[in-house]
2 protein chains.
Amino acid sequence: MTTIRDVAELAKVSTATVSRVINSNGYVNDGTKKRVKEAIEQLNYLPNDVARSLFKGRSQMIALFVPDITNPFFPELARAIEDVTNQYDYTFVLCNTDNDIVKKIDYLNALQQKSVDGFIIVSSSLMEEHLKNIQAPIVALDRSISSDISSVTVNNRVGSRQAVKYLKSLGCSRIAHIAGPEHVDNAIYRMRGFLDEVKHEGWFNSSYVVSGAYNFEMARKATVNLLTKNPEIDGIFAGNDLMGAGVLNAAASLDIKVPEDLAVIGFDGISLGEKVTPALTTMAQPIYDIGTRAAEILITQISTPDSTVTAEEFNVQLTERQSTQ
Amino acid sequence: MTTIRDVAELAKVSTATVSRVINSNGYVNDGTKKRVKEAIEQLNYLPNDVARSLFKGRSQMIALFVPDITNPFFPELARAIEDVTNQYDYTFVLCNTDNDIVKKIDYLNALQQKSVDGFIIVSSSLMEEHLKNIQAPIVALDRSISSDISSVTVNNRVGSRQAVKYLKSLGCSRIAHIAGPEHVDNAIYRMRGFLDEVKHEGWFNSSYVVSGAYNFEMARKATVNLLTKNPEIDGIFAGNDLMGAGVLNAAASLDIKVPEDLAVIGFDGISLGEKVTPALTTMAQPIYDIGTRAAEILITQISTPDSTVTAEEFNVQLTERQSTQ
DNA sequence: TTGTATGCGTTATCAC
DNA sequence: GTGATAACGCATACAA
């Protein structure tokens with residue numbers, strides 16, 4: 001590999017001068033600057049980032065932790081973050097944590113050892129105590145971690161109420177909910193929003209809430225069960241779109257017509273919802289915006305270490321498709 | 001941050017000894033080893049990987065380039081590679097290239113500057129000339145790059161012939177193909193496999209091949225067009241599952257019944273195929289295996305710099321689902 | 001405006 | 001068995 005020394009020799013200057021040219025730092029004569037640039041060009045020189053990182057204590061890398069890369073919600077989120085980080089000349093590192101606390105902590109340590117500059121984390125099992133040894137700034141995304149850590153989320157509870165109200169406005173009179181994992185805060189909020197709207201209805205009973213663990217297959221099975229036992233159900237609010245797709249699949253396998261006999265609404269607004277038939281109505285999150293915002297907040301915190309903690313909440317929006325009309 | 005020097009002072013030894021303990025390198029007295037380990041424990045010391053990388057010239061990082069992270073095929077592939085790299089104590093870096101040659105080159109340079117140890121690349125636009133300045137080993141995955149670069153692929157052409165034969169065996173007598181991008185080698189092989197089976201058929205004409213660019217929406221539109229102009233078509237072979245989903249969507253919008261009036265088969269075997277209704281029959285790649293294998297080959301090449309170039313080809317397998325039966 | 005010298009944290013070589 | 005020290009490639013403080 002060619003080093004700054006090679007460039008210095010070729011340009012007949014010291015390494016300090018080369019460094020000044022590279023970083024546009026301090027005074028350097030136009031003539032020598034030109035000579036240095038030519039030498040750089042000629043040698044095809046690229047500075048060694050590892051040496052830079054060692055000196056600076058920073059690596060120009062930002063990491064994103066997601067629980068499950070195969071849930072399409074997260075690649076869409078990752079895209080947004082990647083765009084922003086690239087724009088600010090950071091290298092983007094995507095880590096799949098499998099919701100495994102050990103894997104998360106391993107990643108945290110490995111990346112901290114590499115002087116990663118900041119973390120954007122989607123996690124419900126990571127607590128403040130796990131993060132106390134982490135020096136780099138952290139932004140929680142999609143799920144909050146603690147009041148000391150900035151977060152970007154959506155109005156899950158209100159959005160879920162909207163979803164149920166919408167089903168009611170279509171004439172649904174027996175509405176069920178496929179819930180996400182019990183330990184995930186946004187899943188809890190979505191369930192609460194659902195309950196807010198139905199718990200005082202005469203027809204409601206607790207068997208109308210079943211768990212689908214934010215997973216297609218679990219949701220499919222749960223729905224088959226649910227609809228077999230309770231054929232009177234005419235509306236389902238799925239806690240996310242992946243499970244919404246599972247509901248549609250279950251309905252098809254039971255020969256239940258959607259939307260005629262059963263209206264289905266999901267949550268998230270991932271593109272999978274447009275690919276299934278019938279297309280899935282959903283409470284869409286502004287996925288790209290929340291990803292972008294999280295990245296911006298993180299980058300601000302990196303450059304301004306004593307910036308204040310913020311908790312931003314975005315609104316979800318009803319996107320009507322075939323599964324409800 | 002606590003350094004090796006802090007540990008050395010606390011344990012009343014030199015940094016050299018601490019280093020020996022950390023790396024289980026050279027002789028060190030059991031008693032002092034114990035003292036050092038206690039000091040490490042007490043200070044919560046973790047070695048600085050940046051300094052290590054600088055010294056060693058290696059970073060223990062492996063990068064994967066994918067053209068489109070929102071195509072579910074690639075997250076599934078990434079999962080496999082991540083599993084292997086973690087197992088060998090590498091940090092895994094996922095890069096989304098958007099099929100953009102500039103972005104790819106930027107990533108290559110940025111990562112080479114970070115002393116990344118190796119690359120696994122899915123790309124059809126990256127040529128040998130772009131890679132000539134890259135020191136680290138490279139493995140091409142899903143698409144080959146050049147005969148000098150190891151690759152892991154599948155038998156696209158033969159697999160495609162199987163797909164078409166299968167449609168014929170079901171009684172299809174007018175079969176069309178939704179093709180992938182023209183500049184992607186596996187898309188070309190899949191089209192050739194299709195043509196191998198149909199070009200001598202009396203009914204075949206070139207308007208039965210349309211482009212869907214490995215993209216859901218493009219495939220959907222192309223299919224609507226195709227089926228409107230050629231209502232006699234009773235079988236479609238989509239170049240990948242994402243486009244297969246587009247075909248199903250188009251058929252539904254035209255009120256064409258699948259599989260009764262139209263049989264549809266895709267290629268890839270991504271989980272999306274199980275989520276759509278009807279579920280998509282496909283020529284399934286062993287996604288996890290090819291990812292795993294690519295990672296293993298790369299890691300071998302990293303540790304054995306003069307290992308030989310290999311080109312491994314896996315077989316695809318018919319997975320029958322509702323869209324054909 | 002430019003050069004010299006030092007340190008970032010680690011590992012490996014060479015003494016002892 | 002253990003310690004002192006040079007080196008990895010770079011950026012900065014300080015001199016000149």
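Proteins come first, then strands; the chains are lettered A, B, ... in the order of their sequence lines, and each starts at number 1. Only a predicted model underlies this, so the values are computations on that prediction, with no experimental measurement involved. Computed from heavy atoms alone, side chains included, the values below leave out hydrogens, waters and symmetry copies.
- B:S144 places no side-chain N or O within 3.5 Å of a backbone atom of B:S151 that could act as its donor or acceptor partner.
- Between the CD1 atom of A:I22 and the C1' atom of D:dT12 there is a distance of 14 Å, given to the nearest Å.
- One N or O on the side chain of B:S123 and one on the backbone of B:S125 form a donor-acceptor pair closer than 3.5 Å.
- Fit an axis to the five pairs at each end of the helix from C:dT1-D:dA16 to C:dC16-D:dG1 and the two axes sit 50° apart, to the nearest 10 degrees.
- With B:D98 contributing its side chain and B:D100 its backbone, the two residues share no donor-acceptor pair below 3.5 Å.
- When rounded to the nearest whole Å, the span between CG of A:N29 and P of C:dT1 equals 7 Å.
- A donor-acceptor pair is defined here as one N or O able to donate and one able to accept, closer than 3.5 Å; such a pair exists between the side chain of A:N48 and the backbone of A:V50.
- No side-chain donor-acceptor contact under 3.5 Å links A:T310 to the backbone of A:E312.
- Just one of A:N71, A:D68, A:N186 meets the side chain to side chain donor-acceptor pair (under 3.5 Å) condition when paired with A:Y214; it is A:N186.
- Rounded to an integer number of Å, the gap from B:R35 CZ to D:dG1 P is 14 Å.
- Remark: side-chain polar atoms of B:R35 are paired, donor with acceptor, to backbone N or O of B:A11 under 3.5 angstrom.
- Atom NZ in B:K12 sits about 12 Å away from atom P in D:dG3, given to the nearest Å.
- The side chain of A:S53 contributes no N or O atom lying less than 4.0 Å from OP1 or OP2 of D:dC10.
- If you find the closest nucleotide of DNA chain D to A:T17 and to A:M1, the one lying nearer the 5' end belongs to A:M1.
- The side chain of A:R5 places no N or O atom within less than 4.0 Å of a non-bridging phosphate oxygen (OP1 or OP2) of D:dC10.
- Rounded to a whole Å, the NZ atom of B:K33 is 12 Å from the C1' atom of D:dG1.
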With 3.5 Å as the limit, what N/O pairs link the protein to nucleotides 12-16 of chain C?
from   : atom 1 : to    : atom 2 : distance (Å)
C:dA12 : OP2    : B:N25 : ND2    : 3.3

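- Among the heavy atoms of the strands lying under 4.0 Å from A:V13 are primed sugar atoms or P, OP1, OP2 only; no base atom is included.
- With hydrogens and angles disregarded, no donor-acceptor distance shorter than 3.5 Å links the side chain of A:Q113 to the backbone of B:D49.
- Remark: B:Y27 is not in phosphate contact with D:dG3, judged by side-chain N or O atoms under 4.0 Å from OP1 or OP2.
- In this structure, A:R58 atom CZ and C:dG9 atom P are separated by 15 Å, rounded to whole Å.
- Among C:dC8, C:dT2, D:dA4, the nucleotide with an atom closest to any side-chain atom of B:S14 is D:dA4.
- Atoms NZ (B:K34) and P (D:dT2) sit 14 Å apart, rounded to a whole Å.
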Just do the side-chain contact (heavy atoms from CB on, under 4.5 Å) check on A:D117 and A:Q60 with the steps written out, would you?
-> CA-CA 6 Å; A:D117 294 0; A:Q60 288 294 105; 3.8 Å; yes

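- Protein atom CG of A:L46 is 10 Å distant from nucleotide atom P of D:dC10, rounded to whole Å.
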